[in-house]
Amino acid sequence: MLAMCLAVVAGFNAEAQTKPKVTSLGPDFPKAVLFVGNSFFYYNNGMPGHLTFMERAADPANKRAYRNTMVTIGGSGLDWHDMDNLLRPAGLGAYSFDEQNNVIFNKPGRQYDTVVMMDCSQCPIHPQLKDAFTTFAKKDSEIVRTHGMRPALFMSWAYADKPEMTEALAEAYTTAGNANDALVIPAGLAFARVRKLQPELNLYAPDKRHPSPAGTYLAACVTFAAVTGRSPVDNAYTIVGLDAGTRQLLQKAAWDTVQEYYGR
């Protein structure tokens, strides 16, 4: 049954009209990433934290180099965040913690390689808010580059009861990514893929908007694939409560989505 489901995933066409210009952060793939957004990031103990564990599981020889930080405000759009202040020298990322909970002081200077930005869940397609998304995607991408880092955008997902949001969000994020030479992480397309493949798998919290643990794990797998260029398939890290079959399904759906979206 699982093999049949995985075969169906491979044949699913991602719902994206415009094709992305930037399809990789390599060859110098980032290891320290700042995530700026809202509760879609911080639900379930924080997607960036799960991403860190996944990266370290994939590359144990360099596990101390992987570091992800999230700056989030519930319900926020990009215009709620002061990007220039977030990236000030000796600010965010000046220190972190190792596996023994010791404080590690990071090398002064550029604290992150990449900044991943996400707008509010409706902002990129809302009639009264989409102009602010376009404006701040450009403004913040320029600020990120001024600080010697690379900008990226996180494509969020449709609400559980509004699947039609998928295509509009994909188009808005891809267009903004192309306009600002920024990588787009296609999490929303991965959600749509899994929902078509296995509708009974719940990717949402009861509010039909935020991610369930499975949804957060899927988002982490997509981000892992997009940011590191590696496949999350067979990665040993998992979220408590996910059975092996579901974990494999989410990992492969994430990888297939990224490969298809980037045209590989």
Side-chain angles (χ1 to χ4, degrees), residues 16 18 20 22 33-44 46-49 51 68-88 91-93 112 114-147 149-192 203-205 207-211 215-216 219-220 222-223 226-227:
T18 300
V22 180
V33 179
L34 177 65
F35 289 82
V36 179
N38 48 61
S39 53
F40 276 26
F41 279 154
Y42 72 61
Y43 248 58
N44 303 306
M47 187 279 289
L51 171 64
N68 298 297
T69 304
M70 61 178 172
V71 176
T72 60
I73 305 171
S76 71
L78 285 176
D79 56 338
W80 291 21
H81 293 275
D82 183 350
M83 188 65 70
D84 205 34
N85 183 55
L86 293 179
L87 300 181
R88 71 189 188 280
L92 287 171
Y112 298 97
T114 296
V115 178
V116 176
M117 301 171 283
M118 174 172 53
D119 213 331
C120 85
S121 55
Q122 293 186 40
C123 289
I125 59 175
H126 191 282
Q128 295 171 274
L129 300 172
K130 62 183 181 180
D131 288 345
F133 166 67
T134 300
T135 297
F136 278 85
K138 180 178 187 296
K139 178 181 178 180
D140 289 345
S141 292
E142 291 173 350
I143 292 172
V144 169
R145 286 197 170 90
T146 297
H147 286 272
M149 306 172 197
R150 288 173 286 178
L153 297 173
F154 183 94
M155 180 200 300
S156 55
W157 47 83
Y159 296 170
D161 57 349
K162 294 182 179 179
E164 66 275 9
M165 290 174 64
T166 298
E167 189 170 350
L169 285 168
E171 184 66 15
Y173 271 102
T174 305
T175 299
N178 288 351
N180 296 288
D181 293 318
L183 184 82
V184 176
I185 299 170
L189 296 178
F191 267 62
L203 298 176
Y204 295 89
D207 64 7
K208 302 179 182 179
R209 182 163 48 109
H210 290 95
T216 290
V222 177
T223 305
V227 169

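Keep in mind that the numbers below use all heavy atoms, side chains included, and drop hydrogens, waters and symmetry copies.
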*Student check: side-chain heavy atoms of L169 and S156 closer than 4.5 Å*: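 Of all side-chain heavy-atom pairs linking S156 with L169, at least one is under 4.5 Å.
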*asked:* Within the 4.5 Å heavy-atom criterion, are T166 and L189 side-chain neighbours or not?
replied: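 Result yes, sub-4.5 Å side-chain heavy-atom pair found.
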Taking all heavy atoms of [X] and all of [Y], pick out the closest pair and write down the distance.
X: C120; Y: G75; result: CB-O, 3.9 Å
X: S76; Y: N38; result: O-ND2, 3.1 Å
X: A190; Y: V222; result: CB-CG2, 3.4 Å
X: T216; Y: P211; result: OG1-CG, 3.4 Å
X: T223; Y: M47; result: OG1-CE, 3.7 Å
X: A226; Y: L183; result: O-CD2, 3.7 Å

Gap separating the [atom1] atom of [X] from the [atom2] atom of [Y], nearest 0.5 angstrom:
X: L203; Y: W157; atom1: CG; atom2: CH2; answer: 9.5 Å
X: L86; Y: L92; atom1: CG; atom2: CG; answer: 5.5 Å
X: H81; Y: M117; atom1: NE2; atom2: CE; answer: 11.0 Å
X: K130; Y: Q122; atom1: NZ; atom2: CD; answer: 13.0 Å
X: T114; Y: I185; atom1: OG1; atom2: CD1; answer: 9.0 Å
X: R145; Y: N180; atom1: CZ; atom2: CG; answer: 7.0 Å

*For the residue pair Y204 and F191, does the interplanar ring angle fall in the parallel (under 30°), tilted (30 to 60°) or perpendicular (over 60°) class?*
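If you compare the ring of Y204 with that of F191, the planes turn out perpendicular.
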_Qualifying residues under side chain to side chain contact (heavy atoms under 4.5 Å, CB included), relative to T72, sequence neighbours excluded_ =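 For T72 the side chain to side chain contact (heavy atoms under 4.5 Å, CB included) partners, ignoring immediate neighbours, are F41, Y42, M70.
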*asked:* Suppose we screen for side chain to side chain contact (heavy atoms under 4.5 Å, CB included). Which residues come up paired with D207, at least two apart in sequence or across chains?
replied: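 Scan of D207 (side chain to side chain contact (heavy atoms under 4.5 Å, CB included), adjacent residues dropped) gives Y43, A205, R209, H210.
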*Apply side-chain contact (heavy atoms from CB on, under 4.5 Å) to the pair I125 and F133, showing each step before the final yes or no.*
CA-CA 9 Å; I125 59 175; F133 166 67; over 6 Å; no
*Evaluate side-chain contact (heavy atoms from CB on, under 4.5 Å) for L34 paired with L87, printing each intermediate quantity in order.*
CA-CA 9 Å; L34 177 65; L87 300 181; 3.6 Å; yes
*Going through the distances and angles, do H147 and V115 end up as a side-chain contact (heavy atoms from CB on, under 4.5 Å)?*
CA-CA 10 Å; H147 286 272; V115 178; over 6 Å; no
How would you list, by chain and number, every residue that makes a side chain to side chain donor-acceptor pair (under 3.5 Å) with [X], sequence neighbours excluded?
X: K138; result: E142
X: N68; result: T52, E55
X: H126; result: none
X: S121; result: Y159

*Would you say Q128 has more than 12 foreign heavy atoms packed within less than 6.0 Å of its CD?*
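No, CD of Q128 has 12 or fewer neighbouring heavy atoms, counting only those of other groups under 6.0 Å.
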*Backbone N or O of F136 within a donor-acceptor pair of the D79 side chain at under 3.5 Å?*
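It does not hold such a pair.
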